[in-house]
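All values reported here derive from a predicted model rather than from experimental measurement. Residue numbers begin at 1 in each chain, while the letters A, B, ... track the order of the sequences.
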There are 2 protein chains.
Amino acid sequence: MPHQDPLDAALLDRAFMALADPVRRNIVARLSHGDATVNELAEPFAITKQAVSKHIQVLEQAGLVTRSRDAQRRPVHLDAAALERLTAWIDQYRLQAEGRYRRLDALLESQASERIPKSAPTPRSGEQ
Amino acid sequence: MPHQDPLDAALLDRAFMALADPVRRNIVARLSHGDATVNELAEPFAITKQAVSKHIQVLEQAGLVTRSRDAQRRPVHLDAAALERLTAWIDQYRLQAEGRYRRLDALLESQASERIPKSAPTPRSGEQ
DNA sequence: CTTGTAATCAACTAGTTGGTTGATCAACTA
DNA sequence: TAGTTGATCAACCAACTAGTTGATTACAAG
């Protein structure tokens, strides 16, 4: 089953978009070794806390982070399962493409040595 | 060594941004089982081939696809290695976060059963 | 109640993007 | 030569985005 729910399409949009920003990737990196608050995340960057808050909203709506409540503090938590879903999506097509490449490679090799492949390993890569 | 070249930052920007669009993800999906031309890729979508050409340029500048030359045709080819680089980036932080979670989980479990952990498995997850 | 801190909301500016149409280029065909 | 197909370039528009500043909510402490 190569496809998942189409409901995930919008979520994938937001997830990849969220990671397409160096500031947000830095936030992810920082969260990977511990929860943090908006202020803690804002310090290393030359942008205001409001901007960081927006970045976190983007990550949250992408399902990449969650937030809890601890008095005034709202620590941000990285959701490893969400990251795993992204790699799963990519790998689904990466492995497909790699498989094709290896089959073609094997075909060319067997042809170069003038040995006939057993049963035509679906070499439909040419666009005629 | 958790980090790679900072040269990759702009490329990561473009790669994630490229995948943050459903049309481009569909193009990737289609390319995963075979090279294709602009016109072939444009057919299933309700957009012009000019738009598809732009999408492919985005994917190309992100290093996700390459193009060759075959008479007038310029078949687009999906680069599996580029996809692998993306999953490597994500996994780098996913595994870090998962490791933290599992250490905390193991700590709580050992405490619940009132058994003392052998040597305090670095439970620095609380933000006090 | 008042002060202080953490975080968000609201409005605005400046810049970017996705898509369109129309023209152009490159290679094949007659 | 003209005509066709595949693909790109150029200009433009509507929509969206990141960042700013200023006001506002929520909570804790004096």
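Remark: N39(B) is not in phosphate contact with dT5(D), judged by side-chain N or O atoms under 4.0 Å from OP1 or OP2. Contact annotation: S53(B) reaches the phosphate of dT8(D) (side-chain N/O to OP1 or OP2, under 4.0 Å).
The CD atom of E40(A) sits 11 Å away from the C1' atom of dA6(C) (whole-angstrom rounding). The distance between atom CG of L41(A) and atom P of dT8(C), rounded to the nearest whole Å, is 11 Å. The separation between L19(B) atom CG and dG18(C) atom P is 13 Å, rounded to whole Å. Spacing between atom CD1 of I56(B) and atom P of dT8(D) amounts to 7 Å, rounded to whole angstrom units. dT8(D) atom P lies 12 Å from atom CG of L59(B), rounded to whole Å. The CD-P distance, from E43(B) to dA7(D), rounds to 11 Å in whole Å.
For a distance-only test at 3.5 Å, the side chain of K49(A) fails to qualify as a donor-acceptor partner of the base of dA7(C).
Here the straight-line distance linking atom CD1 of I47(A) with atom NZ of K54(A) works out to 11.0 Å at 0.5 Å rounding. With rounding to the nearest 0.5 angstrom, the CG atom of L41(A) is 5.0 Å from the CD1 atom of I56(A).
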Taking only nitrogen or oxygen atoms into account, show me every contact under 3.5 Å that the protein makes with nucleotides 17-19 of chain D, one pair per line with its distance.
unit_1, atom_1, unit_2, atom_2, d
dA18(D), OP1, R24(A), NH1, 3.2
dA18(D), OP1, R24(A), NH2, 3.4
dG19(D), OP2, H55(A), NE2, 2.5
dG19(D), N7, K54(A), NZ, 3.1
dG19(D), O6, K54(A), NZ, 2.7

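Counting only heavy atoms from C-beta outward, the side chains of R85(B) and D79(B) approach each other to under 4.5 Å.
Residues forming a side-chain contact (heavy atoms from CB on, under 4.5 Å) with R94(A) (at least two apart in sequence, or on another chain): D91(A), E98(A), A80(B), L83(B), E84(B), T87(B). For T48(B), the side-chain contact (heavy atoms from CB on, under 4.5 Å) partners two or more places apart in sequence, or in a different chain, are Q50(B), A51(B). Residues passing the side-chain contact (heavy atoms from CB on, under 4.5 Å) test with E60(A) are V65(A), R67(A), sequence neighbours excluded. Taking K49(A) as the reference, V38(A), N39(A), A42(A) meet the side-chain contact (heavy atoms from CB on, under 4.5 Å) condition, with sequence neighbours excluded.
Scanning both residues, V28(B) and L78(B), for their nearest heavy atoms gives O-CD2, 3.8 Å. Closest approach of H33(B) and Q96(A) over heavy atoms only: CB-NE2, 3.4 Å. L31(B) and A36(B) get closest at one heavy-atom pair: CD2-N, 3.7 Å.
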Note to self: Generate the contact string for nucleotides 22-30 of chain D. Rules: B means base contact, S means sugar-phosphate contact only, - means no protein heavy atom under 4.0 Å.
What the structure shows: B---SSS--
Note to self: If a pair means Watson-Crick or G-U wobble with both distances below 3.5 Å, what does DNA chain C look like in dot-bracket form, with | marking bases paired to a different strand?
What the structure shows: ||||||||||||||||||||||||||||||
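Nearest nucleotide to the side chain of Q57(B), out of dT8(D), dA7(D), dC9(C): dT8(D).
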Counting only pairs under 3.5 Å, give me each side-chain donor-acceptor contact of residues 12-23 of chain A, with atom names and distances, residues two or more places apart or in other chains.
unit_1, atom_1, unit_2, atom_2, d
D13(A), OD1, R25(B), NH1, 2.9
D13(A), OD1, R25(B), NH2, 2.6
R14(A), NE, A10(A), O, 3.4
R14(A), NH1, Q61(A), O, 3.0
D21(A), OD1, V23(A), N, 2.8
D21(A), OD1, R24(A), N, 3.3

